[in-house]
Structure formats: structure tokens, C-alpha cells
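Before any comments, here is the structure.
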Amino acid sequence: MKEQFDWKAEGVELPQFDYDKLQRWIDNVAAAHHRLLRSVSYLFCNDEEILRVNRQFLGHDYYTDIITFDYCTGSLLRGDIVISLDTVRSNAEELGVVYERELLRVIIHGILHLCGINDKGPGERQVMEAAENEALDIYDKL
């Protein structure tokens with residue numbers, strides 16, 4: 001079974017990327033973590049939509065850059081990933097990084113969560129950041 005990607009936008013324009021390259025990249029990152037991609041859906045949205053999703057599905061009342069819904073079974077990656085382009089843009093400005101690079105980091109962040117990498121516990125953020133950096137290196141070499 002070949003992997004399936006779905007790229008949608010709600011309330012924002014779909015980001016301008018080479019989506020074939022993104023899919024190859026995500027597949028390579030998943031393989032590096034001994035996972036097989038099956039079905040991943042991305043929804044790019046604005047802050048108001050991600051706040052609605054955060055409240056409705058997680059009971060959280062705050063803005064965030066990404067929410068990952070994990071439907072994985074074993075080594076097969078399946079999930080829905082919601083990304084607020086508004087928050088990604090403001091984070092990029094705050095961090096002094098290029099918006100497109102920050103967006104790539106967030107796109108792969110969701111995949112890394114599906115691979116089992118967490119970022120909330122002690123020391124986990126550093127593990128996630130290292131995995132993001134390794135993934136971005138893979139992107140740069142494609």
C-alpha cells in the first residue's frame with residue numbers, strides 16, 4: 001500500500017511548496033525512524049481555527065502552532081495534523097528565523113510525534129529539537 005497525503009487549507013491559502021518533495025522528505029524521515037507512512041492529512045489554518053480545534057478536541061483554551069492526532073498502528077503512520085500559519089509566522093518572527101523554514105520544522109514536528117517522539121516531559125524538548133534538525137538536514141539534501 002502506497003502512502004497517502006492530503007493537503008488542505010481552511011481560512012488561509014495553501015502554502016507554496018513542492019509537495020512532491022515534501023512527501024519524499026516525510027517518507028524519508030519516517031523511514032529513518034523505522035516507520036512506514038500510510039495516511040497523513042495536513043490542514044493549514046489560521047489562529048481562530050486552531051483555537052476552535054484545541055477547545056473542541058483537547059479541551060485546551062489557547063493558541064498553538066500544531067495539533068497532531070495520532071491514529072498509528074504499530075509502525076504504520078496515520079494521523080491528522082493541524083497547523084496554524086498565523087502562529088508559525090509569529091513564532092518565526094519572535095525566533096528571528098525565516099517563516100518557510102519554521103513552517104518546515106512544524107510540518108515535520110507532527111510526523112516526529114507520530115513516530116513516538118514527545119516534547120513535554122523532562123529532556124524531551126531537546127530530543128525533539130535534535131530530531132527536527134536531523135529531519136531538516138534530510139530536506140536540505142533532497
Side-chain angles (χ1 to χ4, degrees), residues 1-58 60 62-142:
M1 178 183 194
K2 185 160 173 46
E3 67 268 4
Q4 296 178 341
F5 286 90
D6 192 20
W7 307 93
K8 293 183 181 176
E10 184 169 320
V12 296
E13 287 189 30
L14 198 61
Q16 298 300 305
F17 278 114
D18 175 345
Y19 284 93
D20 289 334
K21 180 178 179 179
L22 277 183
Q23 290 175 198
R24 284 192 318 274
W25 174 47
I26 292 167
D27 193 42
N28 286 335
V29 171
H33 290 273
H34 312 290
R35 303 292 197 279
L36 294 172
L37 261 143
R38 282 300 174 252
S39 177
V40 177
S41 176
Y42 280 88
L43 174 66
F44 298 101
C45 64
N46 57 28
D47 273 351
E48 294 313 309
E49 178 61 14
I50 207 161
L51 179 61
R52 185 194 68 73
V53 170
N54 215 2
R55 286 174 174 160
Q56 180 178 347
F57 294 100
L58 301 177
H60 299 160
Y62 55 81
Y63 298 102
T64 187
D65 53 355
I66 185 170
I67 299 173
T68 303
F69 296 97
D70 185 340
Y71 311 122
C72 297
T73 52
S75 65
L76 301 179
L77 294 189
R78 293 183 177 94
D80 293 328
I81 298 172
V82 183
I83 296 175
S84 170
L85 297 182
D86 292 338
T87 299
V88 170
R89 186 172 304 284
S90 48
N91 287 349
E93 290 170 5
E94 188 175 304
L95 296 168
V97 298
V98 175
Y99 165 73
E100 289 78 9
R101 191 70 169 180
E102 182 65 11
L103 182 52
L104 287 172
R105 181 178 294 279
V106 174
I107 286 170
I108 210 62
H109 182 93
I111 295 298
L112 294 169
H113 273 309
L114 296 179
C115 289
I117 300 173
N118 296 313
D119 60 354
K120 301 291 186 209
E124 291 179 339
R125 183 68 213 152
Q126 291 82 358
V127 171
M128 176 62 83
E129 286 177 5
E132 290 169 352
N133 290 334
E134 289 171 14
L136 288 167
D137 287 344
I138 292 170
Y139 181 85
D140 292 337
K141 292 174 184 168
L142 288 179

One should read off an interatomic distance between L103 CG and R105 CZ, to the nearest 0.5 angstrom, of 12.0 Å
Heavy-atom nearest pair, A135 first then W25, reads O-NE1, 2.6 Å
Report all side-chain donor-acceptor pairs from residues 115-124 shorter than 3.5 Å, counting only partners two or more places apart or in another chain.
| unit_1 | atom_1 | unit_2 | atom_2 | d |
| --- | --- | --- | --- | --- |
| D119 | OD2 | H109 | NE2 | 3.1 |
| D119 | OD2 | R125 | NH1 | 3.3 |
| E124 | OE1 | K120 | N | 3.1 |
| E124 | OE1 | G121 | N | 2.5 |

Distance col, row L112:CG vs I107:CD1, nearest 0.5 angstrom, shows 12.0 Å
Q) Do the side chains of L114 and Y71 get nearer than 4.5 Å, heavy atoms only? A) no
Practice item. Test side-chain contact (heavy atoms from CB on, under 4.5 Å) on V106 and T87 and set out the steps. Key: CA-CA 10 Å; V106 174; T87 299; over 6 Å; no
Given side chains that start at C-beta, do those of I108 and I111 come closer than 4.5 Å, heavy atoms only?
yes
To the nearest 0.5 Å, atom CG of L136 lies from atom NZ of K141 at 11.5 Å
Looking only at heavy atoms, the pair that brings V40 and L77 closest together is CG2-O, 4.5 Å
Residues D47 and S84: closest non-hydrogen pair is OD1-OG, 2.5 Å
ask   = Are any of the side-chain heavy atoms of E102 and L95 separated by less than 4.5 Å?
value = yes
Taken to the nearest 0.5 Å, the spacing of D86 CG from I83 CD1 works out to 12.5 Å
TODO: Measure up the W7 and Y42 rings against each other and bin them: parallel (under 30°), tilted (30 to 60°), perpendicular (over 60°).
DONE: parallel
Rounded to the nearest 0.5 Å, the CD atom of E93 sits from the OH atom of Y99 at a distance of 10.5 Å
Those residues at least two apart in sequence (or on a different chain) that pass side-chain contact (heavy atoms from CB on, under 4.5 Å) with N54 are L58, H60, Y62, T64, I67
Does D27 reach the main-chain N or O of Q23 with its side chain, forming a donor-acceptor pair under 3.5 Å?
no
Applying salt bridge (charged side-chain N to carboxylate O under 4.0 Å, His left out) to D6 and not counting sequence neighbours gives K8
Side-chain heavy atoms of L22 within contact of F5, under 4.5 Å: no
Between G110 and T68, the two heavy atoms sitting closest are CA-OG1, 3.5 Å
